[in-house]
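In what follows, a single structure is set out as structure tokens and then discussed.
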Amino acid sequence: MRLSRYFLPTLKENPSEAQIVSHRLMLRAGLIRQASAGIYSWLPLGFRVLRRIEQIVREEQDAAGCQELLMPTIQSADLWRESGRYEDYGKEMLRIKDRHERDMLYGPTNEELITVIFRDSVRSYRELPKLLYHIQWKFRDEVRPRFGVMRGREFLMKDSYSFDLDQAGARRAYNKMFVAYLRTFARMGLKAIPMQADTGPIGGDLSHEFIILAETGESQVYCDRELIDFDVLGEAVDYEADLQPLVDRWASRYAATDEKHDPARFAALPEARRIEARGIEVGHIFYFGTKYSAPMRAEVSGPTGEMVPLHMGSYGIGVSRLAGAIIEASHDANGIVWPDAVAPFKVGLINVKADDAACGKAAEELYGRLRAAGIEVLYDDTEERAGAKFANMDLIGLPWQILVGPRGVKAGTVELKRRAGGERAELSAEAALAKLA
RNA sequence: CGGAGCGUAGCGCAGCCUGGUAGCGCAUCAGACUGGGGGUCUGAGGGUCGUGGGUUCAAAUCCCGCCGCUCCGACCA
């Protein structure tokens, strides 16, 4: 993509409404624009990031045997009256009326709808277990939206739902999601730590929040430092095998949010291993048993012929929140530092001297070769001065930069710069291509 | 839902207290000089001062209502 043609409105100064670093950088780097309080438009560069994140989530859900579907954003109030949550949910639920004065709502979550879909279609235990998910916009009318996309009212969420005959089955589904979540966040370059958590208004008795550590986090968290070095991507996972040992390896270490914090257990850790920090919740998994299936009569015939209410769990990842959370975890004084896996482009190509014919030719040629090699490149072919280009490229945080300048063109080299760490190397265009391929 | 602010050009802000018809920096446009970390000079364009009402000879400025946005707390993915 040529920057001269790309819609990338970056800002030199910090917008006054943005207080935390990820929000400031998302506005400055041209990723998002605010539409109203807690509601954002995603501009081309931001949307690319959002789709990257979404795709990683999707791949890991699919790998764990979860099947994707898509439910609507608007739901009928009747559905929620059936579960009893229409009254309980309070003002956070955006209630609307259609032209026939029917009560509708913009879905804050989808337990009711998925339960009905499942109830109406599945009759026998022999069709279990099932794991379903979708990635859809949600709306929760927060009293106080803040921190940009980290606590918006409208947000993109991946929510999965498991259906099992009994608690043991639900536990297996829970474990699958537990492991899938570890892998999902690790692939995005995040250290997400599963922590025991309150189940909140959704109910249930088994729940972990996945938290990444960041100064601007909204929750106070406590954990064992060794968790940070656990590697989950290094080993192959067989989702059909017993995942309990892998889950236990994580779950047995101390890690808890404020509400579940046990000072005595925490104090038992050696001091050097105690981490007390702020955290951002990027995922949350629940087992909630028959909380919805019982009142909504979502039952199947069991092995002995009797009707059995389904044991369910739900599993959420804040997809749009992750974009902000990743920036909170990965930035420096000059801007965003995208982890490779979620970067909107892999490399930014800069023609350092816009009016130098030889530079222009070399840059154009390299741009063509990068594209031919299938490498996603944003090519700054504008007339800006070198300094402005560098600052802008650092701001948007692509993992690699290639600088084509008069010095290198003479010597037959380009400069390859790693955004994270800032290491630079002078090498031939071929070598740079090989390194990025 | 309690408390506190803010709304003036695309962005960041001054002017308001003490009323006299709007200004600065950046950005934009034109030209020149420049050319490896947001450059310099010259010139130009761009604002119903959030909105409705009131006071006044006169309102960005004073008073009242409304709308929007932000921050702290409570709440929450």
Side-chain angles (χ1 to χ4, degrees), chain A residues 9-20 23-24 27-28 30 33-39 89-93 107-111 137-159 181 192 197-202 207-212 217-219 257-259 279-286 314-322 324-325 333-335 350-356 359-360 380 382-396 401-410 414-415 417 422 424 426:
Chain A
T10 56
L11 305 172
K12 211 164 174 178
E13 292 181 84
N14 285 322
S16 61
E17 79 264 21
Q19 299 299 317
I20 66 164
H23 191 194
R24 283 203 301 264
L27 290 165
R28 285 192 53 204
R33 285 294 181 265
Q34 181 165 349
S36 65
I39 304 178
Y89 220 96
K91 288 192 163 175
E92 226 178 72
M93 180 188 279
T109 177
N110 286 65
E111 279 84 4
W137 292 91
K138 306 289 188 290
F139 195 94
R140 296 183 191 173
D141 200 358
E142 293 284 335
V143 234
R144 194 180 156 212
R146 66 192 119 163
F147 304 149
V149 300
M150 300 248 286
R151 174 153 232 88
R153 292 193 293 170
E154 187 183 62
F155 57 98
L156 188 60
M157 177 168 151
K158 186 286 300 177
D159 39 324
Y181 275 34
D198 260 349
T199 50
I202 260 173
S207 170
H208 282 87
E209 288 182 11
F210 287 73
I211 302 253
I212 63 168
E218 290 190 87
S219 337
T257 60
D258 222 3
E259 302 86 41
I280 301 169
E281 181 183 347
V282 290
H284 201 160
I285 59 178
F286 300 95
S314 78
Y315 315 89
I317 291 179
V319 174
S320 49
R321 172 182 283 184
L322 272 167
N334 294 329
I350 293 179
N351 176 7
V352 171
K353 200 167 161 67
D355 62 352
D356 182 298
C359 281
D380 189 342
T382 65
E383 303 293 313
E384 284 291 336
R385 302 168 62 83
K389 289 184 177 180
F390 297 149
N392 208 48
M393 202 57 88
D394 283 351
L395 174 64
I396 66 175
Q401 296 173 13
I402 299 181
L403 281 49
V404 177
R407 294 200 305 245
V409 167
K410 253 181 216 155
V414 298
E415 195 172 328
K417 177 186 156 187
R424 293 156 183 269
E426 301 264 351

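Sequence lines set the chain letters: A, B, ... in the order given, protein chains first and strands last, and positions in each chain run from 1.
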Mind checking K417(A) for me? I need base, sugar-phosphate or nothing, with any heavy atom below 4.0 Å counting as a touch. base
E17(A) side-chain proximity, nearest of rC69(B), rA77(B), rG38(B): rC69(B)
If the C1' atom of rG38(B) is compared with that of rG25(B), how far apart are they to the nearest Å? 14 Å
Quick one: list whatever passes side-chain contact (heavy atoms from CB on, under 4.5 Å) with R153(A), sequence neighbours left out. S36(A), A37(A), I39(A), F139(A), D141(A), E142(A), P145(A)
Is the shortest side-chain N/O distance from Q34(A) to OP1 or OP2 of rU70(B) below 4.0 Å? yes
Taking atom types as they are modelled, would you say the side chain of R33(A) forms a donor-acceptor pair with the base of rG10(B) within the 3.5 Å cutoff? no
Respond yes when some side-chain nitrogen or oxygen of K12(A) is under 4.0 Å from OP1 or OP2 of rG38(B), and no when none is. no
Is there a donor on the side chain of D355(A) or the base of rG35(B) sitting less than 3.5 Å from an acceptor on the other? yes
Using atom P of each nucleotide, how far apart are rU40(B) and rG35(B) to the nearest Å? 14 Å
Does the structure show a Watson-Crick or G-U wobble partner for rG73(B), both distances under 3.5 Å? Name it, or say none. rC1(B)
I'd like a list of close polar pairs between nucleotides 30-33 of chain B and the protein, N/O only, cut-off under 3.5 Å.
none

Between the base of rG25(B) and the side chain of E13(A), is one N or O donor paired with an acceptor at under 3.5 angstrom? yes
By a 5.5 angstrom centroid cut-off and a 30 degree plane limit, is there stacking between F155(A) and rA77(B)? yes
Does a side-chain N or O of S16(A) approach OP1 or OP2 of rC13(B) to a distance below 4.0 Å, or not? yes
For rC17(B), the Watson-Crick or wobble partner whose two distances fall under 3.5 Å: none
Does D394(A) make a side-chain donor-acceptor contact with the base of rG37(B), cut-off 3.5 Å? yes
Tell me which nucleotide, if any, is Watson-Crick or G-U wobble paired with rA44(B) when both distances must be under 3.5 Å. rU28(B)
Without decimals, in angstroms, what is the distance between R153(A) CZ and rU70(B) P? 9 Å
For A386(A), which contact category applies under a 4.0 Å heavy-atom criterion: base, sugar-phosphate, or nothing? sugar-phosphate
Touch class at under 4.0 angstrom, heavy-atom based, for G318(A) against every strand present: nothing
Need the pair for rU55(B). Rule: Watson-Crick or G-U wobble, both distances under 3.5 Å, any strand; none if unpaired. none
C1' spacing across the pair rG37(B) / rA77(B), given as an integer number of angstrom: 40 Å
Using only heavy-atom distances, decide whether a donor-acceptor pair under 3.5 angstrom links the side-chain of R407(A) to the base of rG35(B). no
For G152(A), answer base if it contacts any base atom (sugar-phosphate contacts may also be present), sugar-phosphate if it contacts only those atoms, and nothing otherwise; contact means non-hydrogen atoms under 4.0 Å. base
Between E415(A) and R424(A), does any side-chain N to carboxylate O distance fall below 4.0 Å? yes
No-H, no-angle donor-acceptor pair, R385(A) side chain to rG39(B) base, under 3.5 Å: yes
Heavy-atom nearest nucleotide on RNA chain B taken for M150(A) and for S36(A); more 5' hit belongs to S36(A)
What contact category does E209(A) fall into here, base, sugar-phosphate, or nothing, at under 4.0 angstrom with non-hydrogen atoms? nothing
Taking atom P in both rG52(B) and rA14(B), compute the distance separating them and give it to the nearest angstrom. 24 Å
With heavy atoms under 4.0 Å as the rule, sort P406(A) into base, sugar-phosphate or nothing. base
Could you give the distance separating rU61(B) and rA44(B) at their C1' atoms, to the nearest angstrom? 30 Å
Return yes if some donor-acceptor pair links the side-chain N/O of K91(A) with the main-chain N/O of V143(A) below 3.5 Å, else return no. no
Compare side-chain N and O positions of K389(A) against OP1 and OP2 of rG38(B) and report whether any pair is under 4.0 Å apart. no
Round to the nearest Å and state the distance from L11(A) atom CG to rG12(B) atom C1'. 10 Å
How is I317(A) classified with respect to the nucleic acid when contacts are heavy atoms under 4.0 Å: base, sugar-phosphate, or nothing? nothing
Distance, nearest 0.5 Å, that separates CD1 of I350(A) from CG of N392(A): 8.5 Å
